[in-house]
Amino acid sequence: MTEAPGSAGLNGTVYAPGTPCWVSLMVHGLTATQEFYGKLFGWEFRPGPQQLGAYVRARLGGHEVAGIGLLPSDRHLPVAWTPYLASDDVDLTAETVRHCGGTVGVGPLVADEAGRLAIASDPSGAVFGVWQAASHLGAGITGVPGSLAWNELVTRDCESVATFYGTVFGYEEEPVVSADLDYLTLRVKGHPVAGIHGVGGALPRDRGAHWMTYFEVADVDTAVTQVVDLGGHVLEAAHESPHGRVAAVTDPEGAAFSVVRTRR
């Protein structure tokens with residue numbers, strides 16, 4: 001993780017193309033998952049578009065912050081948080097994804113009056129969404145406890161996928177100059193919006209390349225204890241980083257995410 005994102009796209013304006021604007025999770029047990037995240041982050045839930053099955057939007061202090069949907073019973077897919085990257089034209093973005101060696105697995109399709117979406121994967125296999133907003137602009141608040149703090153692609157090496165994301169979304173790339181760290185910060189109009197972390201052989205074999213979602217919390221150690229008490233597991237114990245205290249955990253269905261107390 002590097003810098004926390006700014007507020008671009010919030011307060012009733014459309015997110016700039018390429019900016020992570022939403023995160024969504026597809027699970028087998030919708031009710032149990034709502035209970036887990038409701039207790040952990042204080043989320044409340046309202047129904048959302050049903051094109052891909054039962055789906056709810058999580059709300060925090062009246063602001064929409066994330067989505068959770070129900071996987072069809074016959075679909076045995078990995079349970080994982082998926083970031084949605086903003087687009088002015090989801091059809092053109094999907095076409096560019098294919099042209100650059102990625103795969104479009106779902107859509108583009110219409111999600112009621114909310115907008116249009118596609119779900120794709122980059123050449124390394126990491127899954128992400130693309131969102132073209134209509135009535136639903138995306139997350140209404142970020143960077144406060146219980147909301148999205150950062151999105152980071154964990155992959156074998158930055159160089160192998162940086163060209164893909166730069167071409168598809170027009171990112172400005174800022175590499176970390178270090179012999180010990182393979183990291184790129186992705187920027188939109190000068191603002192840091194996401195990162196790519198090359199971890200080499202440390203890439204989990206059971207997950208492969210993937211996007212990691214970071215949620216802000218008031219206290220990381222307390223959040224980790226709550227995760228375990230609620231049936232989740234710890235992947236990486238709480239520790240200090242240059243940008244705050246952080247830990248990696250999973251929910252009871254195995255969806256991985258990180259909790260962070262960003263250093264201001």
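Between the side chain of T185 and the backbone N or O of P192, no donor-acceptor pair lies under 3.5 Å. T103 places no side-chain N or O within donor-acceptor distance of the main-chain N or O of G105, the cut-off being under 3.5 Å. Of the possible polar contacts, none joining the E113 side chain to the A134 backbone as a donor-acceptor pair under 3.5 Å is found. Within the 3.5 Å criterion, the main-chain N or O of D221 finds no donor-acceptor partner in the side chain of R261. With E64 contributing its side chain and G138 its backbone, the two residues share no donor-acceptor pair below 3.5 Å.
Between the side chains of Y55 and S24, a donor-acceptor pair is found at a separation under 3.5 Å. There is no side-chain donor-acceptor pair under 3.5 Å between E173 and Y165.
For the salt bridge (Lys or Arg N to Asp or Glu O under 4.0 Å) criterion with R245, the lone passing option out of E236, E240, E216 is E240. For the ring pair (Phe, Tyr, Trp, His ring centres under 6.0 Å) with W81, the lone residue among W211, Y37, Y214 that qualifies is Y37. Tested against V188, the residues Y15, F169, Y171 include a single side-chain contact (heavy atoms from CB on, under 4.5 Å) partner, Y171.
Of all heavy-atom pairs spanning T93 and S87, the tightest one is OG1-OG, 2.7 Å. Across all non-hydrogen atoms, the minimal contact from P20 to N151 is CB-ND2, 3.4 Å. In plain terms, the two heavy atoms of A111 and L117 that are nearest each other are CB-CD2, 4.1 Å. The shortest non-hydrogen separation linking L30 to A54 is CD2-CB, 4.0 Å. Minimum interatomic distance between W43 and A66 (heavy atoms only, all atoms of both residues): CH2-CB, 3.9 Å. The two residues T142 and L148 have their closest heavy-atom pair at CB-O, 3.3 Å.
Annotation: side chain of V168 is not in contact with side chain of D122 (no heavy-atom distance under 4.5 Å). The side-chain heavy atoms of L40 and F215, taken from C-beta on, include no pair separated by under 4.5 Å. Contact annotation: the side chain of P252 never approaches that of L230 to less than 4.5 Å [non-hydrogen atoms, C-beta and beyond]. Under the 4.5 Å side-chain criterion, counting only non-hydrogen atoms from C-beta, P204 is in contact with H210. Looking only at side-chain heavy atoms (C-beta outward), V130 and L85 stay at 4.5 Å or farther from each other. In this structure the side chain of H28 reaches within 4.5 angstrom of the side chain of E253, judged on heavy atoms. With a 4.5 Å cut-off on side-chain heavy atoms, V199 and D182 do not count as touching. Counting only heavy atoms from C-beta outward, the side chains of R116 and D91 approach each other to under 4.5 Å.
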Checklist entry - For H136 and W22, what are the C-alpha separation, side-chain angles and deciding distance, and is it a ring pair (Phe, Tyr, Trp, His ring centres under 6.0 Å)? => result CA-CA 10 Å; H136 177 63; W22 189 246; 4.5 Å; yes
Next on the checklist: Evaluate W150 against T262 for side-chain contact (heavy atoms from CB on, under 4.5 Å), listing each step before the verdict.
Outcome noted: CA-CA 10 Å; W150 187 248; T262 305; over 6 Å; no
Checklist entry - Where do V227 and V234 land on the side-chain contact (heavy atoms from CB on, under 4.5 Å) test, with the steps shown first? => result CA-CA 8 Å; V227 165; V234 179; 5.7 Å; no
Checklist entry - Step by step, would you call L184 with L153 a side-chain contact (heavy atoms from CB on, under 4.5 Å)? => result CA-CA 10 Å; L184 275 174; L153 173 63; over 6 Å; no
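Y183 and H197 have tilted rings, their planes meeting at an angle from 30° to 60° on a 0 to 90° scale. Classification of the F128-F164 ring pair by plane angle, with boundaries at 30° and 60°, yields perpendicular.
Each of V228 and L235 belongs to its own hydrophobic cluster when Ile, Leu, Val, Met, Phe, Trp and Tyr are linked at side-chain heavy-atom distances under 4.5 angstrom. Residues L92 and L109 fall into different hydrophobic clusters, defined by Ile, Leu, Val, Met, Phe, Trp and Tyr side chains chained together at heavy-atom separations under 4.5 Å.
Taking OG1 from T31 and CZ from F36, the interatomic distance works out to 15.5 Å, rounded to the nearest 0.5 Å. Note that CD of E152 is 10.5 Å distant from OG1 of T213, once rounded to the nearest 0.5 Å. To the nearest 0.5 angstrom, H63 atom NE2 is 10.0 Å from S147 atom OG. The distance from atom CZ of R57 to atom CZ of R46, rounded to the nearest 0.5 Å, is 12.5 Å. In this structure, C158 SG and L181 CG are separated by 8.0 Å, a value rounded to the nearest 0.5 Å. Rounded to the nearest 0.5 Å, atoms CD1 (I196) and CG (L186) are 4.5 Å apart.
The number of heavy-atom neighbours closer than 6.0 Å to NE2 of H99, taken from other residues, nucleotides and ligands shown, is 12 or below.
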